[in-house]
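Report on the following structure.
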Amino acid sequence: MAILDNDALVHDPDTVFTETSVAQVRFLEKRTRAAIETQKAELRARVGEQYLDLISAADCIISMSRNASQVQEKLKRMQSVCDLESIKKKATTLSSKQSIKDRQPRPIYVLAALIKSLADVPEQIWHALEHHHYLQAGRLYILAQVVHDHLLTDTESDSIDTNTVFPVIRRQWDAISSFKAQIVFKVTFHLKVTEQSNEHIIENLLTLMLLDQKTHLGSLSELFRMRTQAIKDSMNVSIKTISTETAEQHLNHHLKEIIQLIQCTFTQIHAIALGSGTSPSALEKYSTNLQTTFALPHTSSHQPAIASVFSPSTNAHLLVRYLPEEIQHYTPTLAKEDTKEDTIQNIAAAWLNEINELLQQSLHEMLSPLKTQQKLVETRSKLWKLFESQETSWRKICTELIGHSYSLWDTVFCGAFHTHAERLIESGLQQLAEQPTCILSPLLSLPSTATLKQEFELTSDLWPTSYGRTMSSDALLSLASLTDIDAFKTTLTKLTRGKTTWIEQGYNAFETALDQMCRDKEAHNVFANQEAFGAKKSTQLLHSYFQTQVVKYVSCYIDGLRDLLSTVEKWKDAKLAWDTALTIGRLARTLSQHTKSLAVAMKTSSSFTLRSNIEKDPRYSTLQQSFMTLFEEAHMPWINSVVRKFKELVETTLHHMLQDPKCASVLLWEDTAEEGPLPSQANHTIVVALFGVCEEMQRVQITLLDKKVLQRLVGQLLSVLQEALDKSLNLHETVTEKCALQLMFDMQFVAIVLREGSGSRLNLDAIKKLIDPINWATFAPHFDVRVERFYQRHSLFLYGLTSANGGPLDRNDKTSKTVHQQDQPNVLPVVTNTTRFTLLPIGHHTHASRAW
């Protein structure tokens, strides 16, 4: 089947019938008819629209012609009516014919004018209130009140019951009477606004005097009261926004607003309430003019004052002509009161005192968003700039208004800012003082059990263990990395200072808190030499207060460490408690010897410090001594435990030695050429007891034990040794001489090891009594040499104790030199020395030295 295009259909219709089917022909017919109908409809629409437009245009032309003719006729009539000569002739004719009685307004006109004036008042009052023209609204209300009273008391209209005939009067007055309270409220509230001219303020005060029967002083008192309320509102808004993120910005805005409220109030009172010389004040001038003309001084006097009350849109000139004379020339009467400058001065001074008390109660809460001294100083600087910009004019206004100058900064704000600075110092130092409880205690032990946390360590490890070795530690040993070497040096420094992880955390927390406070306080030093606003004196007082509080709260910090020490001592695990106490004490010593922030905080105000510490604050020395006292107290539980263990071993040894009459130690005695066998070494248990003390000292890192602590330890060891010796001798009445000699040797050895420090000495007289005096005189020289030799054999072994009162190489006594000269070996000889090669020039002295 062929499909034909449109061109074939248009030029050759026969082809359609010959080459297409019936269905296609019908389809073509249907489409063609639809196109015909569409074109017809479009043609009718176009022709119809143009026809209507033509008809409408024709009608407009006819209407324009008719209107133009009417305008021409009216213009002709206006020309004839406005002819001056014809008007004069008509006026002359009427004046001759009408009598005076006929020219008087009829009572109905007067009544209509009164009702019209009463009806127009509400709308005009609303308009005046919207534009803050409160005096205009008050005058309209007073006029409406006068008109209403006249309608009720008019004698000329007694024949007419106005309330019955014109009920609109009653309804209109009911609507107007409610405006009085609104006007008084709005004008009173508007007194808060400082951004208004002096004339506007006077109008507001006159409105109160007109409607609320206020006197001059009463209206001024109301102004002061509303300004006080404005300051309260600003403070309340500032306090409500304390918790917001923009609290600091709001604080600066509200402080500036409060200052401007005070200054603007005094400036406006000075301008409106005080006169110059004998001339009255501006408020008195406006008040007098209002009572005389019921208008303001700047109102035109060419028309009645009552006309200025109405809006020009009400055709007041037509309305006023029919109002009664008493209404047209109505003037109000204000409350009278003698206003003296002294009275105004007293009111202004009392208001300043009230504002001062109000701000003193709330400023500390308003300043609470300022969490640092830096922010406080920035806010203070902004206030100083504001005061400086108004200083001259403010001083002049205060002198004329209250009789003397008045500094808002010195009287109102200075004390609050200084107090807030002190509170910031107290708050920061309070957090410092609470560190032992809030920071150190949780790091030290678990909250539920009195056990140390896993990361707690009594001493630091210099070298890594097999489990903790890393590539960096291996590189450190080979000196491959400078970073690792520096880290090693840092670790070594920490080790020498005893800085474990816990101590370092406590030290860093203390240093960070105090250093941050010192840096924050430095913001005040920018104004240390500024005399204006008392900045220099305030900075000095704050510096002194800061140092006083540092001493106070650091002492509280020490007390907190002492309380923590007391808590630790109550733990069930005694060894754990002793180690923890030592750690607390070492923290105290670290703070005493290495803290920098405390030295900066207690530094004098001079620009340099002598290295000799001549200018060192004695309070700083006292704090250092308090830390060291705590350090010594922290070692007491450990000292007591060491001494207790030593005492038990010594008592057991003495008991067994004195109980054995044969004295088993005799088997180890060495023979002498003259006197026979004598003790050459101390009892093994005594040496073990001393070594136990040294072992415990080494466990807690002997280099971290202070000299005073060691001396106290040695003193207590000597004390318990003396006590155990006396007790044992009292229990054993019969002691052989051999036991006594061995006991003497043991005690002399212990005395040499402990060096009898801290003023304690062993009393060996009881032992000497057990030895024959003649024998002792013979044995004594050999005893000293043998004890010294035995001591030298064990000096390194017992270095912890021998170094407590000076090292083993510090001995220069005669016995020590004798032992060195004899050059005996520091070991027990297995066999006796024999001389070899006696004929050769080799002395025994040299041979013995080489053999050793």
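- A side-chain donor-acceptor contact under 3.5 Å links Asp233 and Gln229.
- Residues Lys536 and Phe527 form no side-chain contact, since every pair of their non-hydrogen atoms from C-beta on lies 4.5 Å or further apart.
- Gln540 CD: more than 12 foreign heavy atoms inside a 6.0 Å radius.
- No side-chain N or O of Trp502 forms a donor-acceptor pair with one of Thr583 less than 3.5 Å apart.
- Counted by atom type alone, Gln373 and His524 present one or more donor-acceptor pairs between their side chains at under 3.5 Å.
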Do Leu587 and Leu440 pass the side chain to side chain contact (heavy atoms under 4.5 Å, CB included) test, and can you show the C-alpha distance, the side-chain angles, and the key distance before you say yes or no?
CA-CA 10 Å; Leu587 173 61; Leu440 301 181; 3.7 Å; yes

Would you please test Glu222 and Arg225 for salt bridge (charged side-chain N to carboxylate O under 4.0 Å, His left out) and show each step?
CA-CA 5 Å; Glu222 193 67 19; Arg225 187 182 70 84; 2.4 Å; yes

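- For the side chain to side chain donor-acceptor pair (under 3.5 Å) with Ser234, the qualifying choice from Gln260, Glu257, Lys256 is Glu257, the only one to do so.
- For the atom pair CG of Leu223 and CD1 of Ile269, the computed distance is 4.5 Å after rounding to the nearest 0.5 Å.
- Among all heavy-atom pairs drawn from Thr437 and Ser441, the shortest one is O-CB, 3.6 Å.
- Going from atom OH of Tyr134 over to atom OG1 of Thr188 covers 10.0 Å, rounded to the nearest 0.5 Å.
- Counting heavy atoms of neighbouring residues, nucleotides and ligands inside a 6.0 Å radius, atom NZ of Lys192 exceeds 12 of them.
- Between His132 and His190, the ring center distance clears the sub-6.0 Å criterion.
- Each of Ile439, Val550, Thr512, Leu514 was checked for a side chain to side chain contact (heavy atoms under 4.5 Å, CB included) with Leu432, and the lone residue meeting it is Leu514.
- Within 6.0 Å of atom CD in Gln516, 12 or fewer heavy atoms from other residues, nucleotides or ligands are found, so the atom counts as exposed in its surroundings.
- None of Arg380, Gln374, Lys375 except one satisfies the side chain to side chain contact (heavy atoms under 4.5 Å, CB included) rule with Val377; the exception is Arg380.
- Taking the six-membered ring where tryptophan is involved, the planes of Phe266 and Trp394 are tilted, since the angle between them lies from 30° to 60°.
- Under the 6.0 Å distance and 45° angle rule, Lys521 counts as a cation-pi partner of Phe546.
- Taking the side chain as every heavy atom from C-beta outward, Pro122 and Ile176 approach each other to under 4.5 Å.
- Side-chain N/O atoms of Tyr141 and Gln145 include no donor and acceptor closer than 3.5 Å.
- Atom-to-atom distance recorded for Ile397:CD1 and Gln263:CD is 8.5 Å, nearest 0.5 angstrom.
- For the residue pair Asn356 / Gln360, a side-chain donor-acceptor distance below 3.5 Å is found, with atom types taken as modelled.
- The closest donor-acceptor contact from the side chain of Arg227 to the backbone of Leu191 lies under 3.5 Å.
- Between the side chain of His420 and the backbone N or O of Leu370, at least one donor-acceptor pair lies under 3.5 Å.
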If you apply the rule salt bridge (charged side-chain N to carboxylate O under 4.0 Å, His left out), what do you find for Lys382 with Glu378, and how did you get there?
CA-CA 6 Å; Lys382 293 178 181 179; Glu378 291 176 357; 6.0 Å; no

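- The pair Lys603-Asp617 does not count as a salt bridge, with every side-chain nitrogen at least 4.0 angstrom from each carboxylate oxygen.
- Using modelled atom types, one finds a donor on one side chain and an acceptor on the other under 3.5 Å when comparing Gln430 with Glu434.
- For the pair Leu261/Ile355, no side-chain contact is recorded, criterion being any heavy-atom separation below 4.5 Å from C-beta on.
- Ring orientation note: the planes of Trp409 and Phe413 are close to parallel, at an angle under 30° on the 30°/60° scale.
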Go through His543 and Gln547 one step at a time and tell me if the side-chain hydrogen bond (donor to acceptor under 3.5 Å, both in side chains) criterion holds.
CA-CA 6 Å; His543 179 74; Gln547 291 187 337; 3.2 Å; yes

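- Applying the 6.0 Å contact sphere to CD of Glu522 captures more than 12 heavy atoms from other residues, nucleotides or ligands.
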Go through the steps for Thr288 and Lys285 under the test side chain to side chain contact (heavy atoms under 4.5 Å, CB included), then give the verdict.
CA-CA 5 Å; Thr288 301; Lys285 290 179 181 179; 5.9 Å; no

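- Side-chain atoms of Ser538 never come within 3.5 Å of backbone atoms of Gly534 as a donor-acceptor pair (strictly under, hydrogens ignored).
- Under the 4.5 Å side-chain criterion, counting only non-hydrogen atoms from C-beta, Asn204 is in contact with Gln196.
- For the pair Trp351 and Ile262, the minimum side-chain heavy-atom distance is below 4.5 Å.
- Side-chain atoms of Gln549 never come within 3.5 Å of backbone atoms of Ile425 as a donor-acceptor pair (strictly under, hydrogens ignored).
- Between the side chain of Thr419 and the backbone N or O of Gly415, at least one donor-acceptor pair lies under 3.5 Å.
- In the model, Glu422 has a side-chain atom that pairs as donor or acceptor with a side-chain atom of His418 under 3.5 Å.
- With 3.5 Å as the limit, one finds no donor-acceptor pair spanning the side chains of Ser592 and Gln624.
- A donor-acceptor pair is defined here as one N or O able to donate and one able to accept, closer than 3.5 Å; no such pair exists between the side chain of Ser362 and the backbone of Leu359.
- Aromatic rings of Trp384 and Phe417 (six-membered ring for Trp) have centroids beyond the 6.0 Å cut-off, not under it.
- Between the side chain of Ser544 and the backbone N or O of Leu541 there is no donor-acceptor pair closer than 3.5 Å.
- For the atom pair NE2 of His270 and OG1 of Thr399, the computed distance is 9.5 Å after rounding to the nearest 0.5 Å.
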